[in-house]
Amino acid sequence: MNGVTVNRHKIKRHLCYIMLSLFFSSIISCSSGERDGEAPSADATVQEIGIEMKSAGISGASNYTEIYLKISGPDIEPAIESTTEDTASPIQFSIYVPPGEKRMFLAQARDSSKNVIFEGSLIKDIEPDMPITINIFISPGDYSISGRILLSSGVGLVGAKVTLSGSGQNIPGPVHTDCSGSGTYTFSGLYNGDYTVTSSMAGFKFDRDSINVTVKDGDVTGQGFKSVVSKIIYVDSNSDCTSNCDGSIESPYNTIQGAIDSAPPAGDTVIRVAGGGESGWYNESITIRSYITLEGGYGPDFKDRDITNKYITTIDGYNLTKGMVIFNNIHSAMIDGFTIIYGNSESEGGGIAIINSSCSIAVTHNTITSNWADSNGGGIYLASSSSVVIENNFITNNGSSTLGGGIYIIDSPSNITNNTISNNLSYGDDGCANGSGVYVKSGTIDIKNSIIWGNCFEYENTDLYVETLSAVTVTYSDIGLTNIGIEALPNSNNINNENPLFVNTAYRDYHITQDSPCKDKGTPDGAPKYDIDGEQRPYGEGFDIGADEFYPQP
């Protein structure tokens, strides 16, 4: 019968006779029988049913190699099943149906290996003596599963292998987390079905072995993993351990670079650095490696953390002639909770230099102040890198002999969010140079919720200068003197060159006061949950602009 196969099953309380036809609509008569001494009820009637698989967005049913149907209900056990390889026609069959009862119709489309391509179901009232056709619409295969693979710090883990298995059609091979999305993966072209996502990377363990995901008529996002810390290393400049240190709480390293050099080549490594008093001063230049999270602000027992008051942790460049913190040709790393001061670079990047680093670099909750570069980027120099996050920092009182006293950016897509950039300077031939606060040579830059104001007041464009205007987006920020026409940016919600009313710039206190125009004027979109002091955002009616969220002093 044109490739049609019919399976006969016993039916609870009576026998059901199945008639199946394709293209001919012929009916096969069945003689009635008994089950447990019972005959079909007198009011049961033969009902002819037609079922057709349809798929939105896919042309015709020829995409299926086989259709499997199951009809179930209170009087049918086991269910009636039917398959066909002729997917261009509806399947028709007859059953005894008591009046006014419901039936569950389940339809699946399978490939040549019997894998389920689509699945759909429908509950339907079946009226006696009324032939009907039920169309079950199956979703097209254009859905996706996506998520992020993160280090424990929240920085994206680039290069992790993500594998998909399950019941859907044409499951793609493994993918790797990407750079531009900071640890993002995506599986596309998926059909409805049940899937399992797993993640792996040499030297790393994750917070769960796998994720079970059901795709049902839509994309599924947020299916992520987080790395489990493989090693924690402790640093205390006051430690008397000079040899055979193991980086434990009992035997911490006394230099940050010593701890970095001892970290395993793979795995999620966190380095916790003690601050406050004698323990908080590190006169060294450091070079950070991939997969390292560097955290300052810990107390001497490494239990408490306070980066701005009790346990200030300072990387000091006194008598050194290089940048203080260097990210060179790495990815997936973070520095959080330090005061970086007195860097004196003979080239670029007095405070921090990020060079040739592919992605997922985060500079967060730092005070970067009083650093100098003989070339560009007194506070931060950012070159030939991507997916860099600069968030919740005070970048103040830095200088350079050319451009970008606060930040200099070239060929480096990055996000600058909730920063306070003020009182930086760059020297030109006859005074302040363009972009003493931030100078953007090239790169797609997103500036949001940031104060860039009060940098070398002498010239028109001293706060923010952008060479390629179309590559920079500025929103919800207090921007001072600039060349980008900040007042003309559509729907930007920026404050046009208003004094942010800091507490006391003479004492380098760049917290905002109660009357600041930056209060409650930021956006929650992409804003960090905490400010530079570790205080929760928002306080009051909305998120504040800048590194500081205003809290009234006790």
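Here, residue 1 is the first one in the sequence, and each next residue gets the next number. Just so it is clear, the model here is predicted, and its values are computed rather than measured. Heavy atoms only: backbone and side chains are in, while hydrogens, waters and symmetry mates are out.
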Please report the C-alpha distance between F338 and I256 in whole Å, then the side-chain angles of each, then the deciding distance to 0.1 Å, and finally whether the side-chain contact (heavy atoms from CB on, under 4.5 Å) criterion is met.
CA-CA 12 Å; F338 288 84; I256 299 172; 4.1 Å; yes
Quick one: do the T523 and D525 side chains pair a donor with an acceptor below 3.5 Å?
no
Closest non-hydrogen contact found for R537 with G546 is NH2-O, 3.1 Å
Can you tell me if N344 uses its side chain to pair, donor with acceptor, with the backbone of Y318 under 3.5 Å?
no
Does the pair I249 and D301 meet the rule for a side-chain contact (heavy atoms from CB on, under 4.5 Å), with working shown?
CA-CA 7 Å; I249 292 179; D301 58 2; over 6 Å; no
What pair of heavy atoms forms the shortest contact from L320 to S285, and how long is it?
CD1-N, 3.7 Å
Within the 4.5 Å heavy-atom criterion, are L464 and V474 side-chain neighbours or not?
yes
So CD1 of I355 and CD1 of I330: to nearest 0.5 Å the spacing works out to 11.0 Å
Closest heavy-atom pair, S400 versus G377, reported as atoms and distance to 0.1 Å, is CB-N, 4.0 Å
Criterion side-chain contact (heavy atoms from CB on, under 4.5 Å) on S422 and T505, from CA distance to verdict:
CA-CA 9 Å; S422 185; T505 58; 5.6 Å; no
Residue pairs fulfilling salt bridge (charged side-chain N to carboxylate O under 4.0 Å, His left out) with at least one residue in residues 304-322, sequence neighbours excluded
R305-D336
Using a 4.5 Å cut-off on heavy atoms from C-beta on, say whether the side chain of I335 contacts that of I340.
yes
Do the side chain of S385 and the main chain of A383 share a donor and acceptor less than 3.5 angstrom apart?
yes
Heavy-atom check, side chain of S426 versus side chain of Y439, under 4.5 Å:
no
Quick one: are D520 and D544 in side-chain contact, heavy atoms under 4.5 Å?
yes
Option among I390, N494, T475, I452 that satisfies the side chain to side chain contact (heavy atoms under 4.5 Å, CB included) test with I447
I452
Please identify each residue that fulfils side-chain hydrogen bond (donor to acceptor under 3.5 Å, both in side chains) with S152, with sequence neighbours left out.
D268
List the steps, then state whether side-chain contact (heavy atoms from CB on, under 4.5 Å) holds for L294 with I286.
CA-CA 11 Å; L294 192 62; I286 63 173; 3.5 Å; yes
If we ignore angles and hydrogens, is there a donor and acceptor under 3.5 Å between the side chains of D246 and S248?
yes
Shortest non-hydrogen contact from H365 to N393?
N-OD1, 3.4 Å
Using side-chain heavy atoms (C-beta onward) and a distance below 4.5 Å, is T269 in contact with R289?
no
Please tell me whether D374 and W372 have a donor and an acceptor in their side chains that are separated by less than 3.5 angstrom.
yes
Strictly by modelled atom types, are N455 and N424 linked by a side-chain donor-acceptor pair under 3.5 Å?
yes
Indicate yes or no for a side-chain donor-acceptor contact from D478 to the backbone of N499 under 3.5 Å, with no hydrogens or angles considered.
no
Check whether the side chains of S370 and R508 place a donor and an acceptor atom closer than 3.5 Å, and report yes or no.
yes
Does Y291 have its ring centroid less than 6.0 Å away from the ring centroid of F204?
yes
Pair N397, Y510: side-chain N/O donor-acceptor within cut-off below 3.5 Å
yes
Measure from the side-chain N and O atoms of Q223 to the backbone N and O of T221, and report whether any donor-acceptor pair falls under 3.5 Å.
yes
Would Y539 and Y551 count as a close aromatic pair, with their ring centres under 6.0 Å?
yes
Test item: side-chain donor near acceptor, T402 and N376, under 3.5 Å:
yes
Has S262 got a side-chain atom pairing as donor or acceptor with A259's backbone, closer than 3.5 angstrom?
yes
Under a 4.5 Å cut-off applied to non-hydrogen side-chain atoms, are F502 and T420 in contact?
yes
Find out whether F206 and L157 are in side-chain contact, i.e. whether some heavy atom of one side chain is under 4.5 Å from a heavy atom of the other.
yes
Any idea which heavy atoms bring I307 and G297 closest together, and the distance?
CG2-CA, 4.0 Å
Is it true that atom CD of E535 has more than 12 heavy atoms of other residues, nucleotides or ligands lying nearer than 6.0 Å?
yes
Can you name the nearest heavy-atom pair linking S188 to S144, along with the distance?
CA-CB, 4.1 Å
I292 side chain near I271 side chain, heavy-atom distance below 4.5 Å
yes
Between N449 and N418, is there a side-chain donor-acceptor contact under 3.5 Å, judged purely by atom types and distance?
yes
